[in-house]
There are 2 protein chains.
Amino acid sequence: MSRIDDSLIALRRIMRATELYGKELAQAAGLTAAQFRALQIVGEKGWETPKAIAARMGVSQATITTLVDKLVRRELVTREPSQIDRRQTNVTLSPIGRQVLDDAPDALQQKYARAFEDLSDWEQAQIIATLERVASMLDAEDIDASPVLTMGDIKRH
Amino acid sequence: MSRIDDSLIALRRIMRATELYGKELAQAAGLTAAQFRALQIVGEKGWETPKAIAARMGVSQATITTLVDKLVRRELVTREPSQIDRRQTNVTLSPIGRQVLDDAPDALQQKYARAFEDLSDWEQAQIIATLERVASMLDAEDIDASPVLTMGDIKRH
DNA sequence: CAAGTTCCTTCGGCTATCTAACTAATAGAG
DNA sequence: CTCTATTAGTTAGATAGCCGAAGGAACTTG
């Protein structure tokens, strides 16, 4: 087994852990990964337009419509017509939505964060440098990457 | 922006690049990421049981049945009843399937492999060590990770 | 041999996703 | 100011992936 295989295996473990986290999350929060990701985006500012959510998640607007439908049905967000441009709709976080976001079990991130913080200064720096280097090697430089460890936003052509 | 955010962002870029690769692949090979992943697994030995494929991909057997249906329809694999245990079916790679696997554009992997190989010995070792460390921090130790850079055991493309 | 177990498939039902077509509203060119 | 083009969002119809439950066929075990 070559070294490149070793590195690919490690990468795959990382991705797999994230996938599993998504499933766990979905189960615990009663939301799917995609739904939760949309909710997160709305939660950043408290509101967001479907267009912007679609761009952030890299999916079509139609997809967001149905996703938001589900969030609305769960009363996690509301659709508020925009005052400035009446073509626009503001998907707005509800108090319940805020609750769900706050309560969301981010076990994976917590675990990672804790382990990360236990590292020494130079170890942290080194991990960041290496991860960024790997990301570059995969040519993922121009990606919209929020510091949130989730699945579900796949960029499309 | 804290260091942990930096590291999460880098992780996210890595995952994103892989997702994009999956899409690209799907388009070029005329297969979805999940289908391709199943084909890859079958291709390793030339055959595999649905049960084993399901385990490898972390999905139910029912899912594999429909996935294999599609591969069979495209004549990439065949279902051969097992001689030893007639409950089992061997999903067997066809010549066409082998062709598709060989022709598959593994651009991302190639790119990564090339960049990786250009690194010095100690850099390679250091990257592997770091990736493995991160994987451990995410608690993904006991994952079946083949040295193939694919997504597709997601639950939602 | 009968009962339980295993492997696979079938069935019904979700969710996510897309494209195309449609409605409503704004922006721009005359 | 009006007509057209563009933009935001939704709706409709389709495909893919996924699951759990139920069922049939073939092993295993007592």
Side-chain angles (χ1 to χ4, degrees), chain A residues 19-20 22-23 25-27 29-39 47-74 77-92 150-157, chain B residues 19-20 22-23 25-27 29-39 47-74 77-92 150-157:
Chain A
E19 286 170 15
L20 290 177
K23 286 187 179 170
L25 179 73
Q27 190 135 26
L31 291 172
T32 65
Q35 288 167 12
F36 188 77
R37 177 71 182 131
L39 191 63
W47 57 272
E48 194 55 276
T49 63
K51 175 93 172 170
I53 301 172
R56 286 286 296 280
M57 292 181 60
V59 299
S60 74
Q61 236 169 298
T63 302
I64 298 303
T65 296
T66 59
L67 256 174
V68 170
D69 282 348
K70 276 157 200 154
L71 295 178
V72 167
R73 219 172 300 135
R74 276 183 176 17
V77 301
T78 54
R79 280 191 172 95
E80 313 282 356
S82 164
Q83 301 299 332
I84 1 166
D85 183 339
R86 282 181 304 177
R87 288 170 305 182
Q88 292 189 337
T89 302
N90 290 326
V91 180
T92 307
T150 43
M151 305 296 294
D153 26 328
I154 303 168
K155 188 83 175 187
R156 245 149 276 266
H157 39 294
Chain B
E19 287 171 9
L20 287 174
K23 293 288 159 187
L25 179 74
Q27 190 133 32
L31 292 171
T32 64
Q35 288 168 13
F36 188 77
R37 177 72 183 129
L39 191 63
W47 58 272
E48 194 54 276
T49 64
K51 175 93 172 171
I53 301 171
R56 288 284 296 277
M57 291 181 61
V59 299
S60 75
Q61 241 169 291
T63 302
I64 297 302
T65 296
T66 59
L67 254 172
V68 170
D69 282 348
K70 277 158 198 153
L71 294 178
V72 167
R73 219 172 298 132
R74 275 188 176 359
V77 301
T78 54
R79 280 192 171 96
E80 313 281 356
S82 165
Q83 301 299 332
I84 6 168
D85 184 340
R86 280 178 307 176
R87 287 170 306 182
Q88 292 190 338
T89 302
N90 290 326
V91 180
T92 307
T150 41
M151 303 298 291
D153 351 338
I154 308 177
K155 40 336 202 235
R156 174 306 140 172
H157 138 164

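Chain letters run A, B, ... following the sequence lines, proteins first, then strands; residues in each count from 1. These numbers come from a predicted model, not from an experiment.
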Between OG1 on residue B:Thr49 and CZ on residue B:Arg56, distance to nearest 0.5 Å: 11.0 Å
Distance below 4.0 Å between A:Arg86 side-chain N/O and C:dT26 OP1 or OP2: yes
Selection: residues 65-72 of chain B, any non-hydrogen atom under 4.0 Å of DNA chain D: B:Leu67, B:Lys70
A:Gln88 side, atom CD; A:Lys51 side, atom NZ - distance, nearest 0.5 Å: 10.0 Å
Distance in angstrom units between B:Ile84 CD1 and D:dT28 P, rounded: 11 Å
Any A:Thr63 side-chain nitrogen or oxygen under 4.0 Å from OP1 or OP2 of C:dC18: yes
Spacing of OG1 belonging to B:Thr66 relative to CD belonging to B:Gln35, to within rounding of 0.5 Å: 9.0 Å
Euclidean distance, atom CG of residue B:Asn90 to atom P of C:dT9 [Å, nearest integer]: 11 Å
Qualifying residues under side chain to side chain contact (heavy atoms under 4.5 Å, CB included), relative to B:Ala62, sequence neighbours excluded: B:Ser60
Look for any protein N or O under 3.5 Å of an N or O in nucleotides 21-23 of chain C and output each such pair with its distance, or none.
none

Given DNA chain C, 5'-ward residue of the pair A:Gln83 and A:Gln35, judged by closest heavy atom: A:Gln35
Whether B:Arg74 side chain and B:Leu31 backbone form a donor-acceptor pair below 3.5 Å: no
Spacing between B:Ile64 atom CD1 and C:dT10 atom C1', to the nearest angstrom: 16 Å
Side chain to side chain, B:Met57 and B:Thr63, heavy atoms closer than 4.5 Å: no
Closest contact, heavy atoms only, A:Thr89 versus A:Pro50: O-CD, 3.2 Å
Only pairs under 3.5 Å count here: list side-chain donor-acceptor contacts from residues 77-84 of chain A, not counting sequence neighbours, and write none if there are none.
{"residue": "A:Thr78", "atom": "OG1", "partner": "A:Glu80", "partner atom": "OE2", "Å": "2.9"}
{"residue": "A:Arg79", "atom": "NH1", "partner": "A:Asp69", "partner atom": "OD1", "Å": "3.1"}
{"residue": "A:Arg79", "atom": "NH2", "partner": "A:Thr65", "partner atom": "O", "Å": "3.3"}
{"residue": "A:Arg79", "atom": "NH2", "partner": "A:Asp69", "partner atom": "OD1", "Å": "3.0"}
{"residue": "A:Ser82", "atom": "OG", "partner": "A:Ile84", "partner atom": "N", "Å": "3.3"}
{"residue": "A:Ser82", "atom": "OG", "partner": "A:Asp85", "partner atom": "N", "Å": "3.2"}
{"residue": "A:Ser82", "atom": "OG", "partner": "A:Asp85", "partner atom": "O", "Å": "3.4"}

Heteroatom pairs (N/O) under 3.5 angstrom, protein to nucleotides 4-7 of chain C:
{"residue": "C:dT6", "atom": "O4'", "partner": "B:Arg87", "partner atom": "NH1", "Å": "3.2"}
{"residue": "C:dT6", "atom": "O2", "partner": "B:Arg87", "partner atom": "NH1", "Å": "3.3"}
{"residue": "C:dC7", "atom": "OP2", "partner": "B:Lys51", "partner atom": "NZ", "Å": "3.1"}

Length of the CZ-C1' vector between B:Phe36 and D:dA16, whole Å: 18 Å
Atom-to-atom span, CD1 of A:Ile53 to C1' of D:dA8 - whole angstrom: 13 Å
Rounded distance [0.5 Å steps], CG in A:Leu71 versus CD1 in A:Ile53: 8.0 Å
